Amino acid sequence: MSLEVKTLDYEIRGKEILKDISLEIHTKEFVGLVGPNGCGKTTLISCLGGLTTPTGGRILVRGMDTRTDRRAASLFLGIVPQEITFDPFLTVRETLRFQSGYWGILRNDDWIDEILANLGLTDKADASMRALSGGMKRRVLVAQALVHKPPVIVLDEPTAGVDVELREHLWDFIGRLHREGRTVILTTHYLEEAQALCSRIAIMKKGEVAALDRTEALLSRFEGRV
């Protein structure tokens, strides 16, 4: 099992953001999380990455508890966040080398070169991060998440507001990594992305999982409805 979320709750200032979330995601699955803004998708991702501490429940990443074994669990995860953050004084390649160092990985340039090529960043490798466009910075975020070769990849709306070329590069590369055995979790507003890529889809609403099923079965329930 790649990921187990067990009766997860998160509350802030008396408001329930996540309510009794339970999910099981198997190794090599490609699972989509869809739902409107404010439904709790990003909060759930923050809990997975240890940025937010749940008020109840447990998260296990390949059997490692994110509370008691946070670093071990984090090593299995590569998370692409919504927010674009970067060090303006580093080049793209330096950013990825530093990220490798955070995970204790040395001499990682061969893999870094492969990531850069697959994300269309080779010609930007020595460019300063502050000189990149928003779309290029988002590509670097994806590269950072993949630099330690995590077996579980979490993508939080990675194609929101980006160009068609990035989408094609990204899905070609992520599709290849998935075929090689990675587990992928995708949050998106684009139902066509989830339909094309995901074997199962979870629909979130007001902090709860309103539906979870295989993609074809889930979509067939709503066939003909408006």
Side-chain angles (χ1 to χ4, degrees), residues 1-62 65-67 73-74 76-83 138 141-142 145 150 152-162 167 170-171 174 178 182-223 225-226:
M1 192 76 68
S2 279
L3 179 69
E4 296 171 81
V5 180
K6 301 184 176 185
T7 59
L8 198 73
D9 296 306
Y10 178 65
E11 184 178 304
I12 184 167
R13 293 190 288 275
K15 182 179 179 181
E16 286 186 302
I17 308 299
L18 299 176
K19 307 172 192 175
D20 198 30
I21 299 277
S22 290
L23 288 170
E24 288 187 349
I25 296 175
H26 298 272
T27 302
K28 300 182 183 180
E29 269 200 298
F30 201 132
V31 176
L33 290 176
V34 301
N37 287 332
C39 70
K41 300 189 301 296
T42 296
T43 302
L44 176 58
I45 299 304
S46 295
C47 291
L48 295 182
L51 299 175
T52 297
T53 302
T55 48
R58 298 175 71 202
I59 300 172
L60 303 177
V61 182
R62 298 189 76 172
D65 192 304
T66 56
R67 282 191 178 183
S74 295
F76 293 126
L77 281 173
I79 297 180
V80 181
Q82 278 189 46
E83 298 297 324
R138 189 164 290 283
L141 282 185
V142 175
V152 183
I153 302 167
V154 182
L155 305 159
D156 192 6
E157 297 188 31
T159 57
V162 300
R167 283 193 189 190
L170 178 60
W171 295 134
I174 294 298
H178 178 240
R182 263 78 164 195
T183 304
V184 183
I185 302 159
L186 166 70
T187 80
T188 181
H189 281 300
Y190 302 115
L191 189 57
E192 70 275 11
E193 278 188 350
Q195 186 175 351
L197 297 163
C198 302
S199 56
R200 285 197 298 156
I201 294 176
I203 297 176
M204 291 187 67
K205 181 181 179 183
K206 295 181 179 178
E208 299 178 280
V209 176
L212 172 62
D213 207 338
R214 294 196 63 79
T215 304
E216 321 84 68
L218 194 60
L219 294 174
S220 69
R221 290 192 213 172
F222 305 102
E223 191 173 354
R225 297 188 185 184
V226 177

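Residues take their numbers from the sequence shown, with the count starting at 1. All figures in this text were calculated on a predicted structure; none of them were measured in a lab.
Taking every heavy atom of both residues into account, V31 and C198 meet most closely at C-SG, 3.8 Å. Nearest heavy-atom pair, P36 versus M204, reported as atom, atom and distance to 0.1 Å: CD-O, 3.6 Å. In plain terms, the two heavy atoms of H178 and E29 that are nearest each other are NE2-C, 3.7 Å.
Ring geometry, W171 versus F30: the interplanar angle falls from 30° to 60°, so the pair is classed tilted.
Counting heavy atoms from C-beta outward, Y10 and I21 have side chains that stay 4.5 Å or more apart. Proximity of I79 to P150: side-chain heavy atoms (C-beta onward) are nowhere separated by under 4.5 Å. Side chains of L8 and L44 form a contact here, defined as non-hydrogen atoms less than 4.5 Å apart. Contact check for L3 versus L48: side-chain heavy atoms found under the 4.5 Å cut-off.
Going from atom NE2 of H26 over to atom CZ of R200 covers 5.5 Å, rounded to the nearest 0.5 Å. Atoms OG1 and CG, on T187 and D156 in that order, are 3.5 Å from each other to the nearest 0.5 Å. Of the inter-residue distances, the one linking D9 atom CG with T55 atom OG1 reads 5.5 Å to the nearest 0.5 angstrom. Going from atom CD1 of I59 over to atom CD of E4 covers 11.5 Å, rounded to the nearest 0.5 Å. Here OG1 of T42 is found 12.0 Å from CD1 of I17. Values are rounded to the nearest 0.5 Å. To the nearest 0.5 Å, atom CG of residue L18 and atom CD1 of residue I12 are 11.5 Å apart.
Proximity of a side-chain donor or acceptor of R138 to a complementary backbone N or O of Q82 within less than 3.5 Å is detected. Judged by distance alone, the side chain of T7 and the main-chain N or O of D20 form no donor-acceptor pair under 3.5 Å. Side chain of K41 to backbone of G35: a donor-acceptor contact under 3.5 angstrom is found. For T52 (side chain) and S46 (main-chain N/O), no donor-acceptor pair under 3.5 Å exists by modelled atom type. Remark: side-chain polar atoms of S2 are not paired, donor with acceptor, to backbone N or O of R62 under 3.5 angstrom.
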Worksheet item: So F76 and T183, side-chain contact (heavy atoms from CB on, under 4.5 Å) or not? Walk me through it.
Response: CA-CA 10 Å; F76 293 126; T183 304; over 6 Å; no

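Taking a 6.0 Å sphere around NZ of K28, one finds it holds 12 or fewer heavy atoms contributed by other residues, nucleotides or ligands. For CD of E216, the number of neighbouring non-hydrogen atoms (other residues, nucleotides, ligands) closer than 6.0 Å is greater than 12.
With sequence neighbours excluded, the residues forming a side-chain contact (heavy atoms from CB on, under 4.5 Å) with D65 are R58, L60, R67, T68, D69, listed by chain and number.
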